[in-house]
Amino acid sequence: ALIHERDKHDLKFDTLTPSMGYVSGEQARKFFLQSGLPASVLAEIWALADMNKDGKMDRLEFSIAMKLIKLKLQGTPLPSALPIIMKQPPVSVPSMGSMPNLSMLPGTNVAIPLIGSTPTRPLMPTMGNAALPNGNLGILQPMLHTWMSFYSPHQRHTSSQWFVHYIANPLKVWSLSFSSNSSSPSMLSPKPAGPSDWAVPQASRLKYRQQFNTLDKQMTGYLTGQQVRGAMATTMLTQTQLASIWTLADVDKDGKLKAEEFILAMHLVDMAKSGQPLPLTLPNELVPPSQRYVALKMHDKFKANLERGNAELEKRRQALLEAQRREEERRAQKEREERERREREAREAEERRRKEEERRLERQRELERQKEEERQREIERKEVRGEDGKLYAYLCMFCISIILTASTMSTLKLNVIEKNGSCRKLREQLEALEKETAAKLAEMDHNGAFCLCVCQELRESQRKQQAALEKLRSIKEDKRKRREEERKRQEEERKQREEEEAQRRIKLEKERQWQEKLKRDEEERQRKLQEEREAKLREEEEREVKSAALTSFRALYPFTARNQDELSFSADDIIEVDETTEREQGWLYGSRQGKMGWFPESYVERMNTSDTANQTPAASAPKVALKPQLSNASTVHNSLEAAKAAGTKSAFTPTHSPNPAPSETQGQVVGNLLAQALCSWTAKTASHLNFSKDDVIRVLEQQDSWWLGELNGAQGWFPKNYVTLLGEEESADIYLSPSKYVALYTYESPEPGDLTFGEGDVILVSQKEGEWWNGSIGDRTGLFPSNYVKPKETDVRRTSSITGKKKPEIAQVTSSYSSTGAEQLNLAPGQLILILSKNTSGWWLGELQARGKKRQKGWFPASHVKILGSSSGKSTPAPQPVCQVIAMYDYTAANDDEMSFSKGQLINVLDKNNPDWWKGEVNGVTGLFPTNYVKMTTAESDPSQQWCADLTSLDSLSPQERKRQGYIHELIQTEDRYVEDLQIVLEVFHKPMSESGRLTEAEMSMIFVNWKELIACNTKLLKALRVRKKTGGENMPVHVIGDILAAELAHMQPYIRFCSCQINGAALLQTRTDSQPEFKEFLKKIATDYRCKGMPLSSFLLKPMQRITRYPLHIKNILECTAEGHVDRGPLKEALERAEELCQQVNEGVREKENSDRLEWIQTHVQCEGVTENLVFNSLTNCLGPRKLLHSGKMYKAKSNKELWAFLFNDFLLLTHASKQFSSSGPDKLFSNKNNTQLKMYKPPVFLNEVLVKLPDPSSDEPVFHISHIDRVYILKTENINERTAWVQKIKAASEDFIETEKKKREKAYQARSMKASGIGRLLVTILEATELKACKPNGKSNPYCEVTMGAQIYTSRTLNDTLNPKWNFNCQFHIKDIYQDVLCITIFERDQFAPDDFLGRTEVPVATIKKELENKGAATRRLLLHEVPTGEVWVRLDLQLFNSK
């Protein structure tokens, strides 16, 4: 478009009152229809002009549309695509009116044609020799004449602008026809050329030659500018391009186009339309053959004129440019003022329209609520009509079933007439009620106050109806409960009778077994002599069989049993396996320490013969464990220094005697005789005793081949040839103490009950169970991972083995000490202790040297002993600490007699005589230190105080609150470490496994499932916890945390899918490890990363399940330390419910593996489209918990008999159809992994809270039923009546559950809103709008709504669809109870039909902050940034009103 056309278009654009610089499609449509063009043509113009396809137009797009409409009205066809030149904004050129000095040129006569006039020949400026001393510019006359004649009269003003513009820029206009001497030296000499070397294609020559003949009606041999203009007007090119084409085509510059020049011009037009750039000078191959010599001659002439006129024209150009600049500045200022005025008026009009729209929407919502109430009443009336219809049907059936007599017929007719009359009366009442309702609605439209009164009455009526329904429902529920209690009572009585019967049977069975036992004992005595002779021979044969049948395996990784059929073990444990046992692929069945079970084959490796020999009792390092005994004097050692027999024994070898344990009445009672197990023995009956190799058993009674013994508090019988007796010296020489281990790494854990230590610390291990062991360091006892330690030295020593180059250190007990745990020693004055290890915390590890007693090892406080010197028996007692203090600050020693320490270190005070300087000891260093750098410790000191560095703030808290803050700190710290573990799996395992190509993408998805979603969930939770802690101060107490936990735990649904699919992933990983040794080595190699701390991938894959189960424990600890009435107690209870519900959902998902597998099958085989494109089937619903598949099967459309596959979930019904026909005999075959059929959605999902299921005719034998959903009815048919009944019942039950859940949710929100509360003030909040929210939908939009809470008070706004800048403008009021505890929380969610509402941001404002900012200022509007999201903010208006205290 030209500049003046663009100005006109802008004026039209402003009349449409654009919003934010755009006009909507509706505004443009009404305006464009005024042109009279058909709607289809306008649609094409809209498609061309709307370049960015955003459904609205800016000024440039509107101008393009106006230009296209104008061309269409002139008869020009629309282009298929928008030309490139039309997308560019118009170039501003100076007008003739902006060049007042042009008439001052000497020898120049300028005549400007009047707009609207039609002169026969446009007047041109002429310049004589006075203007250009070296010649004249007469050569410009034909060129300008041609250009001016090319356009219509109303365009010639713009043409004159073009001429003046190029007078000011002569280099540009002349460079269109000529180049410099260096650019075209070949044109100096003419070269004859034939038509064959002309670049214009032959087809174009013929085409445009014919067009030239058509235009040259006078047969003059040339065309004037007026004749060419009609042909050029349809090309859609700009005037600048057409002028350039004319200049290039008019080679001889005579203002006319000959045939060859016309063909050249049209060829250049084709080049411009195809997007090719026009040449600045005409190339030699495009010059017509007949004009090439003439062009060369004219080139020399124009070159001379150019050199003579440059100087004068340059001065004139500068003057013209300056005038043009001033004119443009004036025009721009005027346009800017006019634009600001129009925008201001548009904003005011937009604000008026917005307020009017809000009032209209409010009225509409009120009418909709009234219509909804009326609809409920209408449903009740329909139910009444339905009952009348049933009565009528029953009467008709009764009439058909009897013989129709005259009297009976008349009676029936009277009944029918009465029923019809009743129906008419009901219909009249209904019409009257409808009229009355319509009248009331009309009155409410005119009278707002009366409308509110009517609404209140209707609500009161509805409330009474609901109360009556609730009363009936409660009565029904009471009856149901009574029936349930009666049923339970009967069930308990039945169970009690069954238990009594079972006990009686057991008693009879025991008596029978006892008789059989006596009988077998008699037979045993008869064979006794024979067995004694063959005992040794049989034992040797058994050992050979065992050695041949069993194989020893060494554990590579620890494994924890997940059920009773599996076997737990630790790394490096030896497991005996009978490989002849039938087993599943990847699993072995073995025994360890008397326990048998299945375990993964990839967790162990086969031992060579040499390895097996090295593992014999004579060569293996014995392990020590504390074992309870019958006597209360001491404990028994669990292993010996050397075994008495070689060879491998196992529970897989049958015993030599199949008989049960012998009678207790026979045999010799031996008391405290000890025996050591030569190999493992597994009990065959309940009276047998289980034990492992090297276990020490206390023998209570000896019989011929069976002995009675006790181990770990359990008594039972065992074969005597499985053990060897210990002598008194061997029994006495065993140290009865735990094993001693050295820490390989530093272990820190915030978990209660864990033992923390540093690298190199000595740990006394008292119990080993799986991957976690129990040990102690001094007075500290707890659990720690077994792969963090290694054995320091053998724990089983003899007294004679304590030798060495360094003389042992002996201490004498100076004061008595009573142990507080099994790992500590009881001390009496005068006892001697062999010092084994010293700990910097003041606890030493030693061995009690008591003569005549079994030596014990354990921890004891160093302050209760003194070290004995090496000479003359003199002793130097260890310094006795007076007390202990904690360093509050770092201190660096300034003198030699002082000592340095760091903040938080524990210092033993040795001397307090000087009140300013005390003497103390830290890590073996003794010195003086200032007393004002430390604080006294108390017995109530809790490790959880590490969260607070401000000791003054810590002292101001109560012990209960300190403990609560410690648990909160523990939760945040463990969450941080857990997220780090999740990231480690992604970086250490997932990335190398994916890049190596050893697993397919499907196998990776099966192993890791949705690991990244778990990271997203917990990262979001961790970020929210950090923001909350940072809000109150990094080292300050956290007042409220329950709301964050409750909100975030509701979005942990990815854990349901992960835990449900974890079994399949673990099975796949195990299979690949067993079948591919190189894959097994690959996993071991990448697991050597230092961040893994020796744990394999399988251990990391168990962490999500472990973390989920810890959330209720953390929340319970915090809740127990939260006082009654605390603002965080309610949210914490809700969070605990959410956590337990999540654990229950995960457990249910694991138990219902079949349901999860079917949901996963549907996920991969059903193609979702539209709103369901991102639907995840195996996840949480919006309000019904996890999604469940209730029913599935094949259906048919009743009319077309089209085959459909239906899936009924607990929140919606999904109808699909197969891409190709396939047969299925049942759901098992449908959900088979071998079934690769793809299903497509037949209709959008039907939500069950919006459906009504009914049977068209209950008595009909045809299996047809109807599903009504809003405005659509589905008529479906099943294969038989039973299938139809099942579908109808399950849909109805699921629909009722859905509706009941939503009803309870609405009632809860209504009760919270209507709850009357009193306080010290109230806060009026108006949520105006939100801006730049996060986009959640594929179209870049969201459906946001806002939830405003303060404690239990909650308000929810309406949902606005498809917007990132919602404008709610809704009000709410909160009662203030405590200014310093109440916090206003504003949370924005995305409404999701298929999943819990997505989180779009949260912001919190303490009431104390509002009071400080609004004090004595009244209401104010604030902009609040949304946290935990990358973008978003909300505008609120706050008004705090505090009541005057009386």
Side-chain angles (χ1 to χ4, degrees), residues 376 379-380 382-383 386-387 390 466 469-470 472-484 487 1056 1141 1144-1145 1148-1149 1151-1152 1154-1156 1158-1159 1162 1177-1195 1204-1216 1226-1227 1230-1231 1243-1258 1260 1263-1270 1272-1308 1393-1395:
Q376 295 293 337
I379 292 174
E380 294 175 358
K382 286 182 179 179
E383 291 177 354
E387 293 177 359
K390 291 179 181 178
Q466 290 180 351
L469 290 174
E470 288 295 334
L472 292 174
R473 190 178 292 108
S474 62
I475 294 173
K476 182 178 179 181
E477 184 67 20
D478 293 339
K479 291 181 179 179
R480 187 188 65 78
K481 288 182 178 179
R482 285 196 297 271
R483 288 196 300 269
E484 185 68 20
R487 186 186 64 78
I1056 300 175
E1141 181 183 2
Q1144 182 181 0
Q1145 292 167 358
E1148 185 178 354
R1151 288 193 300 266
E1152 298 179 357
E1154 180 182 6
N1155 181 69
S1156 299
R1158 292 186 175 186
L1159 292 177
I1162 295 173
F1177 289 95
N1178 195 7
S1179 65
L1180 290 179
T1181 61
N1182 185 268
C1183 61
L1184 297 175
R1187 183 169 288 106
K1188 299 179 181 178
L1189 179 63
L1190 304 179
H1191 197 51
S1192 62
K1194 184 163 54 176
M1195 292 184 182
L1204 301 176
W1205 289 92
F1207 301 95
L1208 176 64
F1209 304 95
N1210 54 343
D1211 56 341
F1212 65 87
L1213 173 67
L1214 182 64
L1215 299 176
T1216 65
L1230 172 65
F1231 295 105
K1243 293 292 182 182
V1246 180
F1247 286 93
L1248 299 182
N1249 60 339
E1250 303 170 345
V1251 301
L1252 180 63
V1253 184
K1254 59 182 179 180
L1255 301 175
D1257 187 0
S1260 175
V1264 178
F1265 65 99
H1266 295 181
I1267 297 179
S1268 301
H1269 180 241
I1270 307 178
R1272 186 185 296 270
V1273 177
Y1274 300 94
I1275 304 177
L1276 303 174
K1277 181 174 66 175
T1278 59
E1279 294 182 345
N1280 51 61
I1281 295 294
N1282 293 335
E1283 188 66 20
R1284 180 190 70 174
T1285 303
W1287 274 106
V1288 171
Q1289 290 178 351
K1290 292 184 178 181
I1291 294 176
K1292 283 185 176 180
S1295 177
E1296 291 174 358
D1297 291 341
F1298 200 163
I1299 294 173
E1300 185 66 22
T1301 302
E1302 286 193 331
K1303 181 180 178 182
K1304 290 180 180 179
K1305 186 178 180 180
R1306 289 194 300 267
E1307 289 177 352
K1308 182 178 179 181
Q1393 292 178 310
F1394 300 99

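The structure presented is a predicted model; accordingly, all values stated were derived computationally and were not measured.
Within the 4.5 Å cutoff, the side chain of Asn1178 has no heavy atoms near those of the Arg1187 side chain. Considering only heavy atoms from C-beta on, Val1273 stays 4.5 Å or farther from Ile1267 through its side chain.
Rounding to the nearest 0.5 Å gives a distance of 10.0 Å between CZ of Arg1158 and CZ of Phe1207. Of the inter-residue distances, the one linking Phe1212 atom CZ with Thr1181 atom OG1 reads 10.0 Å to the nearest 0.5 angstrom. From Phe1209, atom CZ reaches atom CG of Leu1189 across 5.5 Å, with rounding to the nearest 0.5 Å.
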Begin from the C-alpha positions of Gln376 and Glu380 and carry the test side-chain hydrogen bond (donor to acceptor under 3.5 Å, both in side chains) through to its verdict. CA-CA 6 Å; Gln376 295 293 337; Glu380 294 175 358; over 6 Å; no

List the steps and the verdict of side-chain hydrogen bond (donor to acceptor under 3.5 Å, both in side chains) for His1191 and Lys1290.
CA-CA 8 Å; His1191 197 51; Lys1290 292 184 178 181; 3.2 Å; yes

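With sequence neighbours excluded, the residues forming a side chain to side chain contact (heavy atoms under 4.5 Å, CB included) with Asn1280 are Asn1282, Glu1283, listed by chain and number. Taking Arg480 as the reference, Glu477 meet the salt bridge (Lys or Arg N to Asp or Glu O under 4.0 Å) condition, with sequence neighbours excluded. A search for side chain to side chain contact (heavy atoms under 4.5 Å, CB included) contacts involving Ala1395 returns Asp1392, not counting sequence neighbours. With sequence neighbours excluded, no residue satisfies side chain to side chain contact (heavy atoms under 4.5 Å, CB included) with Leu472. Legend: residues meeting side-chain hydrogen bond (donor to acceptor under 3.5 Å, both in side chains) with Arg482, ordered by chain and number and at least two apart, are absent.
At distances below 3.5 Å, not a single donor-acceptor pair connects side-chain atoms of Ser1268 with backbone N or O atoms of Val1251. Although no hydrogens or angles enter the test, the distance criterion places no donor-acceptor pair under 3.5 Å between the side chain of Asp1211 and the main chain of Lys1188.
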N/O donor to acceptor pairs below 3.5 angstrom from side-chain atoms of residues 1292-1300, sequence neighbours left out:
| unit_1 | atom_1 | unit_2 | atom_2 | d |
| --- | --- | --- | --- | --- |
| Ser1295 | OG | Leu1248 | O | 2.6 |

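Under the 4.0 Å criterion applied to side-chain N and carboxylate O atoms, Lys481 and Glu484 are not assigned as salt-bridge partners.
Between Phe1394 and Phe1177, the distance from one ring center to the other does not fall under 6.0 angstrom.
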